[in-house]
Structures are given as C-alpha cells and as structure tokens.
Amino acid sequence: MLTYEKIMEQFKVFENHVEKYDNEFRKANILPKNHSWRPYRWCSRDIVFALIVVRHERFRNCLEADVCLMSSPPQYPENSGAKVAMGFLLSEAYKCGTSMEIVFSENVETRIEDGKKKGRVPAYIYDLACDFDIKLKHVLEGHITPFEARQIYMKLVGFSKEAQEKIMKLSVDEKISPERACFVVMGGIWSLAEAESIILGSDNPESILLSASSPEDRHLYLRDVLSARGAILGGALDRKLLKKEIVKDGEASESEDIEVEMDISFDGETYAKAYKAIDECCIPWTAETDLILKPEERMVVVVRARSSSEIIETFEEDLICLSRTIEKYKTKEPTMKFFFLVPRDFEEIPSDKRIEMENRIRELGALLMTSPESVARLDKEAMRRIETGRMVRHE
Amino acid sequence: MSEMKTVLISLSDEQCNCGRVDLRRLMAKAIKTEQLMESKVLIEEVQKRYNTFCDRIEFYSHRLLSLGSVDSEDLGGNYLDLLVKIKDRFPEESMKSRLTANFCPKERMAGYISDFESLVSKVGISEREEIQKKLSFYRRALSENKNVVELLVAWTSIREIDIETDTSKLEESFLSLNVSDNMTSGDYGGHFVALKNQFNKVIDLTKKKTHAAINFSELRHDVITKVIREYAYKNGTPMYVAVTYADGSEASPLPIYCLRSKLPEQMVQLNAQPILNVGMMSARHANDGLDALVKTYWYRNQEISIGRTQAETDDVAYKKSKELFFKLRSEGPYRIAFYQTGFQPAVVGFYRALIEELIERNKKKMPADLEVIPYFFMGEYIKGEPWN
C-alpha cells in the first residue's frame, strides 16, 4: 500500500501531464501521437480505478508509463484497479506496435537508490501477476518483459482452458500471435464469448481473428463471414441473457451497467453454447414467454445462423445435430434445457412449414429460439468487425 | 467442430431468372466489379458493391437449392482447404482464373475448366475426389450450356475436435516461443524486426516469382529509411521488390542490392563542400523551428498531401524527386542534410528516386558528387547514415 505522500507525488506528476496535454493538444485542437505523453483516467460512475500516463517510447519500442496509480475498491472484485490498468497497458502496447515491453519511469512508486530516483513495477500489478502465478523478474528495474506481458495478457482476458490451448497451438504453429488473440477481445472487436466461438467453432479461426481474407476472394471471405455470423448471433443471445431488468415505479427497464451473473461456455463440436445461471434470468426469444433459468440451472443452445432458404436446406442435418447434442448433455444432467437458435429469417418460411419445423424440434425435447437479428444484419456486423480487425496491428 | 461444405449448383438461363432478379445480370455486374477491384481505387466502396452482388447471387441460389429444382453436387468440407492450398502456391494465376469466386457464367466455363485443370495439376491434387467431382460437374454444365454457382453451407456435419492429450508439451512449446525482448537482447525489436522480416519474405517470394509486396504503412519513417538503406547497400544481385500501402494501393517497385559504399578517397572532394539544410516538406513542424533551420523544402506540402491513394502520393513524390535530382546534376556537387518529418509514401518515393539517381551517377565512376544525410524528427533531429 502506497503512503499518502507517495500517492500525492504521483498525483502531482499526473496533474502536470494533464496541464501539458490540455495546452498542447486539447486547447490547440490537435490529436496526440502515440509517442506523446497521454494521461488517462479509468472510472466507473464516481469510482476511479486507475490514473495512467503513457507514451510509445520509439527508440526502445516499448510502452512507457510515467504515472500508474491504481485503487482496489472493496465493492468490486479484488485487484480491479490493477486488472483495468494492465488491460489498458497491454492493449495500448500492442496497438502502438511495441515489442510488448512495458517500462515504468522513475516517477512510478519512486524510491531513492544510490542517490538516484528509481521507479518500479507498481505493487498492485506485482500482486496481480502473483495471483496469476506469473513471476516478474525485473520488478525493481520497473520492467515487464514481452514474455511476462504475453502470459499476463492471456490470463487477464480470461479465455477458457480449451480456448487457451487452441491459442497456444495456433501460436506454436505460427498462425497467430497470442497477443493478437487477446487484443481482439480487450480491444472490443469481439466479446470474450464470441471470440471463444470463433476459436473453438471455426476450422480457420486465425483468418477471422487476423481479418486475413478480403472480399476479392469471395469463398474465403464468406467462410470468415459465416463463422463470424454464428459468433455474433451467439453473442446477441449472451447480451440478452445478461441484461438485468430493473422495475421502478411499476415500469421495467434494462440496467445499463449491472449484468446478471452467468457462466457461458462454448461447445465447438456441436456449435452450441452452454449457460449456467448464477442469478435467475429470463430465457428470451421463445414462443413460451415466461421461461426462467433458475440459479444453478443449465441450458444448451444450438446456434444456427442461417437464412430462411438455408434453414430449409439443412433442417434434417440440423435436427440430427440437435438430437446428438441433447443426447450428449442429457446423460450428464437430465434437467438441462435445450434450444435451437435461428435468426429472424426463420419467419420468412411459409407458416405451415414453420409450424412443422417447430413441432419436430419440440419432439426432440428442445424449443425453437428466434432472434430478432436478421442474417443481413448479422452479416453487416460480421463484415464491420472483420474490417475493424484489419485496421489494427497484425503480427 | 462443425464443417463448412461447398455445394455446386448449375443453372440454365431460364433458372437464373428469379422474377425481378436475373442472376445472369448480377453475374455480369459482379465480373465488372472484379475488374474495378484490380485497380484498387476506392477499394472499400467497390468491395461493398461486390459483396452485395455475390450475396444476392448466393441468396437466390440457396432458394433454388432449397426448392430442389436445380442440379447440385456436394464437394464436402475439405474443398476450401484445397482452394487455399492452390491460392497460396499460385496467387497470380488463381486471381486471373477467378479461383475463389463463387460463380461462373456459361461464357467463361471452358476457360475456367482449363485454368482449373492446369492449377490442380501443378499443385498435384488433380486426383482428389473433390476436384474430380468439381471438374465433372463443370464439364456437364458446359455441355448443357449452364451457369454454375458455388455455395457454402456452414455447420453441417459434426467433426470431432482433436483433443491435445499432452497439454504440458504444448505449454512448453508455447512458453519457449521467441519474443523480441529489449531487456535481454538489447537490440531493436518491433518495427525494425517487422520490416526486415517483410523484406526477407518478399525477396524470397519475388525470387520464386511469386507476387509479394512490402507494406510501408504505419511504420516509423526512420525505420523505413534505415531498412531501405540496409537493403540498398547490401551485397547481392540487384533486383526490384514490389511496394504496397495499407489502403491496398500498389506503388512502383523499389531497387535493392544496387548501391556500394564509397571509398574515403572518392569522398574527399565532396566532403569539402558545405552542407545544405533541406526540409522534407513545407508546412510541417514549423512550430518545432524547422522553418528557421532549413534553407529550403524538398516538397511543397500542397503538392504532396492531397486526397489520393498512398501509392499515388508515393508516385508524385518519386517523380518530383527525380526531376529535382536531375536538375541538381547541372548545378555541381551537393551535400544535403535532409530533415525528415514522416509521411511514409513521400519518404519511400524520395528514397526510390535517390537510389536510382545514385545508380545513374555511379555508372560514370566519377568522384562522388551527391550525398544525402537524413535527420529524423523524433522530438529532436537525429542524424542517420549518409547516402552517397
């Protein structure tokens, strides 16, 4: 824990940076370059998690932090400030094209040694690394090496064990760097659950995560778009399930920042998502409006992001897959609920055919789930994400 | 893991007519758009248009397939991997023969079949079942005067996931992956390594007559200059490497392995000359005192920084520099301190012209009469290695 004086020292440095930044950039209406000192404040409502000042140090090709103050608010998970700070530092280091080395200047948790001011890796970050079981070797020199950064980044993103193994395999085969896989999640291109669907559910995840195919190669591009489409449809269901409904003065609204707690995992073999409720939540998009997933209950959703023609074309194959999925999970947990998720395009199918399909799904012991998203919208979003991924560093 | 299979369907001209939409017209428009994409001009807009055409062709073709009214052939889940294999080995030919396109109109059928046959035989996969199925389907379509659409169907059969039994071995290999590490290696990582790797890879592929280009976008201008210099002065058989930018535009190739360092005695006369301070481009870094430091600017900002592709900017910078170097020849020896302030296409254009100028001057085997010493703006100006 830093002393009051040490915190005030860093506040002073932070204030100086803010003042300089205001004069050089904000007031002059100029955007800073990566190599300019840039102050950041990370908050949620009125709680500050981290105050950070960084720049890309171009000669060493590392990310340099001149201020790195963090807090660990008791109402949030342990060491939240360090998680926020490291998430930002590592993503910024990647985005700026650095070697991923992070250097803390002499202003960070300063000490005097041999008459010289020296900085160090902040104690909160050191604690976080210890929690992750990662040994930092240059704490007192104020360095996090690219090797250490890689491991922290992987832990911080929170990939499942299966996804971590797949990323390791892809990295060892030189198909994608682990930093890239982490950045697409931390940089907001794909949510963690969507990235897991891509990593575990696609046979060419590197092409999607690297945005490697271009529209000129229609087949390869479409292969990526289709995989991305499935991930986004699954992601839309995640978001819907996680939304917490707040009832105030008899009116229900969705909370903007409080989410329902839920474990989400992905089964790459059947392309299905498995959910385990921690808080109670409503199951959306089915014909039965009052379906609830109670705490500790599980459900499995087979995701098929198909257009109406594709649904008709592949329905028999999809039923076989659904039936195998039910067989696989039902033996482990007989109370498990099952769903078959399709986009809104399902409604374009003639009604008699639709009813027949719904009945056949029901006969297997599952329910049809129709998302309000259409294939056209999902594809547009998939292309946007692939395009966004193209704009960020590739290595 | 679920499979992505490829299904071929053949359509007569009558079947292409889906009410308000005629697939034949969509195909013609898509082919026109493919030609436009080659120029790389306004590429994002053209790509969007191409996506729309392809999407519509696929949508209506899926509809026909779901009605069961068309001939079809299932190529299974491995066909796309074969396609990638061909494309990786022969990118130019694959592009010319429209290998990765999703449709083939009947007029192009004969040409497509012969190109495809030649490609698969060069890759050595002509005997594969998928290839045989595809070729016989296309031949049948040709004889029946039909068009072909290739559709992708995702999440079809279930494919078992390979489960890594020994994860500790994988973890070990992962942890021993090389990382560029200043703490232990002490050399430059990141951009330097990345650009040198790019050069090596592109040189290698160019020698194998495979098209590849170096992308200079988003790289530091000092890194670009230093790495270009290294390869220009390196020993080797002179050659050209292609240049591209992040907007997809392709610039003129860059000569490498073509300059030799001067001997000290060749430099005596030139070293006695005064140095002329020249800024790279006007109206940049004036607030850092560059206007006061330099006598003139090489480029006028107005001439260089106008809305066009980066390759076009590179070309303008190159031509302007060629013109200026040519003019300098008649004015006697010059030693130029070149105050460089970034802007990748202008930097690449300048050094391409400088290399060609030095090659020309060196042919005369006269004492050196031109030297450019770069000064890189990195907050302050840092001197680089001279070019002479």
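Remember, predicted model here, so these are calculated numbers, not experimental data. All chains are named by letter (A, B, ...) in the order of the sequence lines, taking the proteins before the strands, and each is independently numbered beginning at 1.
- The part of A:Gln151 that comes within reach of chain B is its side chain, from C-beta onward, which places non-hydrogen atoms under 4.5 angstrom from that chain.
- Residues A:Phe159 and A:Ala181 share a closest heavy-atom pair of CZ-O, 3.6 Å.
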Derivation of the salt bridge (Lys or Arg N to Asp or Glu O under 4.0 Å) call for A:Glu216 and B:Arg98: CA-CA 9 Å; A:Glu216 285 91 329; B:Arg98 304 182 60 254; over 6 Å; no
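- Between chain B and the residues A:Pro178, A:Ala305, A:Pro215, the most heavy-atom pairs under 4.5 angstrom are made by A:Pro215.
- Heavy-atom pairs under 4.5 Å with chain B were tallied for A:Leu222, A:Ile312, A:Val225; the largest tally goes to A:Leu222.
- Using non-hydrogen atoms only and a strict 4.5 Å limit, the part of residues 227-234 of chain A facing chain B consists of A:Ser227, A:Gly230.
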Step-by-step side-chain hydrogen bond (donor to acceptor under 3.5 Å, both in side chains) determination, A:Ser207 to A:Asp224: CA-CA 7 Å; A:Ser207 173; A:Asp224 291 357; 2.6 Å; yes
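- A:Lys155 is linked by a side-chain contact (heavy atoms from CB on, under 4.5 Å) to A:Phe132, A:Ile134, counting only residues two or more places apart in sequence or in another chain.
- With a 4.5 angstrom heavy-atom cutoff, A:Ser171 touches chain B via backbone and side-chain atoms both.
- A donor and an acceptor atom, one from each side chain of B:Asn102 and B:Glu58, are located under 3.5 Å apart.
- The cationic atom of A:Arg218 (NZ for Lys, CZ for Arg) does not lie both less than 6.0 Å from the six-membered ring centre of A:Tyr221 and within 45° of the ring axis.
- Ranked by heavy-atom pairs under 4.5 Å with chain A, the list B:Thr33, B:Leu65, B:Leu83 is led by B:Leu65.
- Proximity to chain B is absent for every atom of A:Ala149, based on heavy atoms less than 4.5 angstrom apart.
- Using a 4.5 Å cut-off between heavy atoms, B:Leu175 touches chain A through backbone and side chain atoms alike.
- Atom NZ of A:Lys328 has more than 12 neighbouring heavy atoms from other residues, nucleotides or ligands inside a 6.0 Å radius.
- The environment of A:Asp133 atom CG is sparse: at most 12 non-hydrogen atoms of other residues, nucleotides or ligands sit within 6.0 angstrom.
- Between chain A and the residues B:Met95, B:Lys87, B:Glu171, the largest count of heavy-atom pairs under 4.5 Å involves B:Lys87.
- At a cut-off of 3.5 Å, with distance as the only test, no side-chain donor of A:Asp217 or A:Ser213 sits close to an acceptor on the other residue.
- Within the 4.5 angstrom heavy-atom criterion, atoms from both the backbone and the side chain of B:Glu150 approach chain A.
- Closest of all the heavy-atom pairs between A:Arg304 and A:Cys321 is NH2-SG, 3.0 Å.
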